[in-house]
Amino acid sequence: MAFVVIMPKQGQSVESCIITEWNKKKGDQVKKGEILFAYETDKASFEEEADADGVLLELFYETGDEVPVLTNVCVIGVPGEPVDAFRPDGARTEIIETKGTIETKGIVETKGTIETKGTSPVTQSVGSGAISPRAKNLAEKEGVQLDGIAGSGPGGRIIEQDVKAVIDSHPKTTPLAKKIAGEEQLQPASQGSGLGGSVKAKDLTTPNPIYSNDFEIKKLSNMRKLIAKAMHQSLQNSAQLTHHLGADARRMLELRRKVKKANDNGYPVNITLNDMVCFAVVKALRKFPQANAHFLGDSVKYFNKIHLGIAVDTDRGLMVPAIRNADDLSIQGLSNQMREIAASCRKGAINPELLSSEAASFTVSNLGNYGVELFTPVINLPQVGILGVNTIVPRPKDLGDGAYGFVPYIGLSLTYDHQALDGGEATRFLKQIATEIENLEFEL
């Protein structure tokens, strides 16, 4: 009996994962509990174990492929068993279990869905785009340009045999020519200068030679692809506007000096300037609940609790975990939570649920430590706002009685979705954050 391994769903907001490594290849013997493949979301990495003994009959995706969750990834069974029925773009199967793998009994012909018998229904889209993963990989490997190829798959989808037909219609190409054609998106000549008319690197349609050697093309990392996709969707699907404001940082710097002195005398919590800003943001959100919300297109979800997203820079890329119920925390508790959750992100041990953009109700991104004086943060949809925190710079201020002096100001950059917030209320909210910073109080 065949067992089909599906791409697990890691968190409610995860729609697809990228396969980063296969530990087994087609034809390998597999034991239950062995690692089949590794995969990652835009924030975290995981490994998938085999749920049955058998032979790995077929792999439907390869390393680097982005796979929709709950999609068939591979099949484990007895040599000789048919597998075509389980292909993601073919007929579907009955599902009996959905914990990482599914046990199949018979075939259910459907149009784009999987229906379960004996468990709750699961639906799954057929196909993964205008080109199948195998066709895409073959095209990249052979340096074939996809423009102009008429797909013969369902809905005009380009499949592997379409790419093979293009390869067969062209003269043989040397490995170097294939590599260059794929990396630089070049078209091979119809007749090559090599043996038997094979196409060599010099036969490719080359760019202006003046610029041909002064650059290097590198593939995006899997995580960067997913981050790029999320940022592009954010800007495409919202009306983002940014307001900039400075807050007098003298009170905050005074408190920081007190904290450092207390630390020297044994006080256990090292409350940072970023902790203070986040504490002030939480206090401001209590007074402006319209900013503590998600925009849902034709409605707005207003949160009763404040779940603060914190941007964390890691070696794998930017992560934005949520601190749940931040409004219940003292500044000491908030500081400890921020430190622990940032450490989990950098170790790769963060709970994927906390990394969902839906997990936070508002986000803070601090670039002040890098000396950034002004920037425009991008909203984590469906949140309606994000605060960018800038470095502290001296600015002139009226000190009263005709006296002027330079005062340290911390820059605040609020990006908000104009679909959910008007400019006036966004400005008042930003001003409230500044007021909370300038009048910050807490006990050590």
Any ion pair linking K305 and D328 (charged N to carboxylate O, less than 4.0 Å)? yes

Checking H244 against S413 for the side-chain hydrogen bond (donor to acceptor under 3.5 Å, both in side chains) test, could you report, in this order, the C-alpha distance in whole Å, the side-chain angles of both residues, the deciding distance, and whether it holds? CA-CA 4 Å; H244 304 283; S413 301; 2.8 Å; yes

Do L412 and L387 make a side-chain contact, defined as non-hydrogen atoms from C-beta onward lying under 4.5 Å apart? yes

Which value, rounded to the nearest 0.5 Å, describes the distance between F60 atom CZ and D65 atom CG? 13.0 Å

Looking only at heavy atoms, what is the nearest atom pair of F429 and L285, with distance? CZ-CD2, 3.5 Å

E66 with K229: basic N within carboxylate O range, under 4.0 Å: yes

Atom NZ in K9, atom CG in L70: separation rounded to 0.5 Å? 6.5 Å

Look up atom CD1 in I306 and atom CD1 in I323, then write down how far apart they are to the nearest 0.5 Å. 12.0 Å

Distance in Å, E62 CD paired with L138 CG, rounded so as to fall on 0.5 Å steps: 9.0 Å

Residues R87 and E58 bridged, charged N to O under 4.0 Å: yes

Aromatic centroids of F303 and H294 separated by under 6.0 Å: yes

Closest non-hydrogen atom pair, I386 against S365: CD1-CB, 4.3 Å

Mind checking the CG-CD spacing from D275 to Q332? Nearest 0.5 Å is all I need. 10.0 Å

Check: E40 and F46 side chains under 4.5 Å, non-hydrogen atoms: no

For M252 versus I437, what's the shortest heavy-atom pair and its separation? SD-CG2, 4.1 Å

Given the options Q383, E425, Q290, H243, Y416 meets side chain to side chain donor-acceptor pair (under 3.5 Å) only with H243

Quick one: does M338's side chain get under 4.5 Å of V312's, heavy atoms only? no

